[in-house]
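Computed from heavy atoms alone, side chains included, the values below leave out hydrogens, waters and symmetry copies.
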Amino acid sequence: RTLIETIGSGFATKIIQYFHSKNLFEHFDTWVDPVNIAKKYGYDTHLFTDLVEFVYFSTDLFVKNESSLYKLTETYQSYEQLGHVFDKFLLTYGPCLDNLDHSLYSPCLGNDITNQTAFADAFSFKRQYADNDIIFQEFQHYEITTIMDLGCGPGLFISQFIEECPNARYAWGVDISDEMIKYAQKDILSKGLSDRIDVYKGDARLINQFLSPQVISQVEAIYGGSILNEFFRNGEEGIIVSLIYTG
């Protein structure tokens, strides 16, 4: 990839980010004329069409037919997964790249300016349960009935544990993000699992400050998922030992 192509990709990324933030990609699930979309939203028809054409030319996001109609390529027809990628990388971490002077000097690597609402939206897209059969088989083998999910996000793993593990009795989730906890509470309530799941907003490194010894003593297994990379980033291996010892 040449420098010119890379710069062009940067422009395409900005366009894609805008389109996604306005939910414009939902109109491209079938063949569509960009002019009609532009008119619906009051955009300049020529500029909007040019932007769509630029994304088509610069990426594999769109296909175009002989009638100059566009739609998402088959690879990206599942907008749920595409939206997850856009929210997680473009909207969540976009501010860090837009403000590199801050990120490069920040002790937290710019984490303080990430878009946490977009980050929560990214994982709320993933409504379908993941394939956790191996993990749940281990839970069954060791007769695990209660778990704590550190970095529970929107609560999908603990909901899946309660619904799919025969021995499941209770689950707790912890996440440092207010937005994630809001999504988790809403999802748990909608599934009628509020009497078997509790979620807490807090830093897992300070878990003793917001969870009582009575709750911690009931936890039979700890699930970490992607939160482990956060612990080890600054050499904080001791947090794992501390949690296990506390429990």
Side-chain angles (χ1 to χ4, degrees), residues 84 87-88 92 108 111 114-247:
H84 170 74
D87 280 330
K88 183 177 180 182
T92 301
C108 59
N111 189 57
T114 56
N115 186 333
Q116 289 299 310
T117 299
F119 191 61
D121 286 341
F123 287 92
S124 71
F125 263 108
K126 302 181 73 173
R127 291 300 181 189
Q128 298 299 318
Y129 289 147
D131 182 2
N132 290 307
D133 289 348
I134 294 178
I135 298 174
F136 291 158
Q137 286 172 14
E138 289 298 299
F139 285 166
Q140 287 294 102
H141 177 75
Y142 290 101
E143 299 182 346
I144 299 297
T145 65
T146 64
I147 65 168
M148 178 175 291
D149 184 0
L150 303 178
C152 65
L156 294 183
F157 183 81
I158 46 181
S159 293
Q160 184 180 13
F161 168 72
I162 292 296
E163 291 187 330
E164 297 185 3
C165 286
N167 291 343
R169 182 167 54 86
Y170 213 92
W172 295 267
V174 175
D175 203 283
I176 201 169
S177 166
D178 285 316
E179 296 297 329
M180 287 294 193
I181 291 298
K182 290 177 184 177
Y183 274 112
Q185 290 172 333
K186 182 178 179 180
D187 191 59
I188 291 165
L189 182 63
S190 70
K191 293 173 180 173
L193 301 176
S194 299
D195 59 336
R196 300 175 67 188
I197 298 176
D198 282 327
V199 290
Y200 299 86
K201 192 269 181 183
D203 189 331
R205 295 168 297 184
L206 307 173
I207 200 166
N208 289 319
Q209 295 184 11
F210 56 89
L211 285 184
S212 68
Q214 289 79 11
V215 168
I216 294 176
S217 66
Q218 296 178 63
V219 178
E220 298 174 356
I222 296 172
Y223 177 77
S226 61
I227 199 175
L228 292 179
N229 65 339
E230 298 295 330
F231 289 151
F232 291 117
R233 176 183 296 171
N234 297 316
E236 299 181 73
E237 303 94 337
I239 185 66
I240 305 300
V241 177
S242 174
L243 286 168
I244 295 174
Y245 178 77
T246 301

How close do [X] and [Y] get, counting heavy atoms only, and between which atoms?
X	Y	result
D203	R205	OD2-NH2, 2.6 Å
S159	D187	OG-OD2, 4.2 Å
R196	A168	NH2-O, 2.7 Å

Exercise for the section: For F210, look at atom CZ and say whether over 12 heavy atoms of other residues, nucleotides or ligands are found less than 6.0 Å away. Expected result: yes
Separation between [atom1] of [X] and [atom2] of [Y], rounded to the nearest 0.5 Å:
X	Y	atom1	atom2	result
I162	K191	CD1	NZ	11.5 Å
I197	I188	CD1	CD1	4.5 Å
S194	Q185	OG	CD	9.0 Å

Sub-4.5 Å side-chain heavy-atom contact between [X] and [Y]:
X	Y	value
M180	F119	yes
I216	N208	yes
F139	N167	no

Mind checking what makes side-chain hydrogen bond (donor to acceptor under 3.5 Å, both in side chains) contact with [X], not counting sequence neighbours?
X	answer
D198	Y170
T114	Q116
S212	Q214

Exercise for the section: Quick one: list whatever passes salt bridge (Lys or Arg N to Asp or Glu O under 4.0 Å) with K182, sequence neighbours left out. Expected result: E179
Handout entry: Partner of Y200 under side-chain contact (heavy atoms from CB on, under 4.5 Å), chosen from L211, I207, D175
Key = L211
Practice task
Just jot down the side chain to side chain contact (heavy atoms under 4.5 Å, CB included) partners of D195, sequence neighbours excluded, or say none.
Solution key: none
Below 3.5 Å, can you tabulate the donor-acceptor pairs from side chains in residues 145-157 to any protein atom, sequence neighbours excluded?
residue : atom : partner : partner atom : Å
T145    : OG1  : E220    : OE1          : 3.0
T145    : OG1  : E220    : OE2          : 2.9
T146    : OG1  : Q218    : O            : 2.6
T146    : OG1  : E220    : N            : 3.1

